[in-house]
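Here the structure is a predicted model, which means the values were calculated and not measured.
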Amino acid sequence: MTNMAEDLKAEAPFLGTSVTEAAEDRRRTDRKRSPREQKKRTANVIIYGVLVVLVVALMVPFIWMLSSSLKENNQVLTVPIQWIPSELVWSNYTDIWTRIPMMGYLQNSLYLAVVITCLQVLTGSLAAYGFSKVRFLGRDVLFLCYIGTIAVPWQAYMVPQYIMMQQLGLTNSFNALILLQAFGAFGVFLMRQYYMTIPDELCEAARIDGLSEYGIWARVILPLSKPALASLALLTFVNTWNDYMGPFIYLTSNRLWTVQLGLRSFVGQFDAEYAMIMTGSVISVIPILIIFLIGQRYFIQGIATSGMKG
């Protein structure tokens, strides 16, 4: 014990020196890193500040619409804008259901959005599987030609499409819109890009086990593609819900009108009732907000990973 104590006393100055030197080295490292970290923090503050400004700018129209829906008609266009009404007119949200058949419009929009979304997810995922996991002659050329149709403006083939639907007797019905929008090149592109991130070895192993191509698609690929499927479903639902020109061209009967046509007719009939128009707009936005809040996690993940490979 005596020898150990003497050894520790003898080594103490050296230990103290090494600890001191280590502390000094740590301080020097902190001084070197501090300017770099300070610049990084400053850059983050600037980026977040710009993002906050952009979010506020994007939210201003929606906030104004929501505020206007709770005002009287003569208070909507006042200058300066009264963001918080002096008296909240909640009756606007009950009166609109009796002024126009709002429930019927919402049901028609929901029916079209759900049916077209399901069909686009089905056809898009099937076609994407063929373009990404099945080898056949001319696959890549055919894919490029198909994706190239995205660059063709809809106005270029709008009239021929209408003539075809008219000759088939599908005008003034939901079938025309469903048939025309059940297939989409963008959905195929999105799903293919995601499928390219799935290893081909999984498909090869499934083929060795005796699964058919449809079995591989249903039992191997689809369970791994939830983010991409959710992204495609959300984008398709929003586009179909907000579509105005399609229903305007093919639906002539009032009982078939979607919420976008209904709101436009409301503007034509009651052009001075701005508060009621804003109320209908808020109601039409609520389903989109609900769908996005439910699927935003999968949506962001699917968009972030769809371009990783391919």
Would you mind listing every ring pair (Phe, Tyr, Trp, His ring centres under 6.0 Å) that reaches into residues 130-153, with sequence neighbours excluded?
F131-F143
So with a 6.0 Å cut-off around OH of Y244, is the heavy-atom count from everything else above 12?
yes
Between T252 and N172, do the side chains contain a donor N or O and an acceptor N or O under 3.5 Å apart?
yes
Ignoring hydrogens and angles, tell me if any N or O in the side chain of D243 forms a donor-acceptor pair with the backbone of N239 under 3.5 Å.
no
V114 and L110: CA distance, side-chain angles, deciding distance, side-chain contact (heavy atoms from CB on, under 4.5 Å) verdict
CA-CA 6 Å; V114 171; L110 184 63; 3.9 Å; yes
How about CZ on R207, more than 12 heavy atoms from neighbouring residues, nucleotides or ligands closer than 6.0 Å, or not?
yes
Could you walk me through whether F62 and L289 pass the side-chain contact (heavy atoms from CB on, under 4.5 Å) check?
CA-CA 12 Å; F62 179 76; L289 290 177; 4.1 Å; yes
Which atoms form the tightest heavy-atom contact between L170 and A176, and what is the distance?
O-CB, 3.3 Å
Tell me the ring pair (Phe, Tyr, Trp, His ring centres under 6.0 Å) pairs involving residues 100-123, sequence neighbours left out?
Y111-F174
Does V152 share a hydrophobic cluster with I163, counting links as ILVMFWY side-chain heavy atoms below 4.5 Å and allowing steps through other members?
no
Give a yes or no answer on whether the side chain of S67 reaches the backbone of I63 with a donor-acceptor pair at less than 3.5 Å.
no
Between S109 (side chain only) and L106 (backbone N and O only), is there a donor and an acceptor less than 3.5 Å apart?
no
With hydrophobic residues grouped by side-chain heavy-atom distances under 4.5 Å, do Y129 and I208 end up in a single group?
no
Within 6.0 Å of CH2 in W154, more than 12 heavy atoms from elsewhere:
yes
side-chain contact (heavy atoms from CB on, under 4.5 Å) for L234 and I291? Distances and angles first, verdict last.
CA-CA 7 Å; L234 180 59; I291 294 297; 3.3 Å; yes
Name all residues meeting the side chain to side chain donor-acceptor pair (under 3.5 Å) criterion together with S69; count only those two or more places apart in sequence or in a different chain, and write none if there are none.
Y93
Which salt bridge (Lys or Arg N to Asp or Glu O under 4.0 Å) pairs, counting each pair once, include a residue from residues 66-94, with sequence neighbours left out?
none
Scan for salt bridge (Lys or Arg N to Asp or Glu O under 4.0 Å) pairs involving residues 131-153, sequence neighbours excluded, and state none if there are none.
K133-D200, R135-E204
So which heavy atom on I283 is nearest to which on M102, and how close?
CG2-CE, 4.0 Å
What are the two closest non-hydrogen atoms of M276 and D95, and how far apart are they?
CE-CB, 3.9 Å
May I have the step-by-step check of side-chain contact (heavy atoms from CB on, under 4.5 Å) for L122 and F183, ending in yes or no?
CA-CA 9 Å; L122 176 64; F183 310 91; over 6 Å; no
Identify the heavy atoms of T117 and A233 that sit nearest to each other, and give their distance.
CG2-O, 3.5 Å
Distance-only, no hydrogens or angles: does the E213 side chain make a donor-acceptor pair with backbone N or O of V134 under 3.5 Å?
no
All heavy atoms of R192 vs all of S132, minimum pair found to be CG-CB, 3.9 Å
Do the non-hydrogen side-chain atoms of L180 and Y250 ever get within less than 4.5 Å of each other?
yes
Are L293 and M59 joined in one hydrophobic group, where the rule is that I, L, V, M, F, W and Y side chains link up if heavy atoms are under 4.5 Å apart?
no
Which atom of Y194 lies closest to which atom of L224, heavy atoms considered
OH-O, 3.1 Å
Give a yes or no on whether M164 atom CE has more than 12 heavy-atom contacts from other residues, nucleotides or ligands under 6.0 Å away.
no
If two hydrophobic side chains count as joined below 4.5 Å and joins carry through other members, does M278 share a cluster with V89?
no
State whether the number of non-hydrogen atoms from other residues, nucleotides or ligands found under 6.0 Å of I84 atom CD1 is greater than 12.
no
Review item, side-chain donor-acceptor pairs of residues 42-55, under 3.5 Å, at least two apart:
| residue | atom | partner | partner atom | Å |
| --- | --- | --- | --- | --- |
| T42 | OG1 | Q38 | O | 2.8 |
| N44 | ND2 | K40 | O | 3.3 |

Do M65 and L58 belong together in a cluster built from hydrophobic side chains that touch within less than 4.5 Å?
no
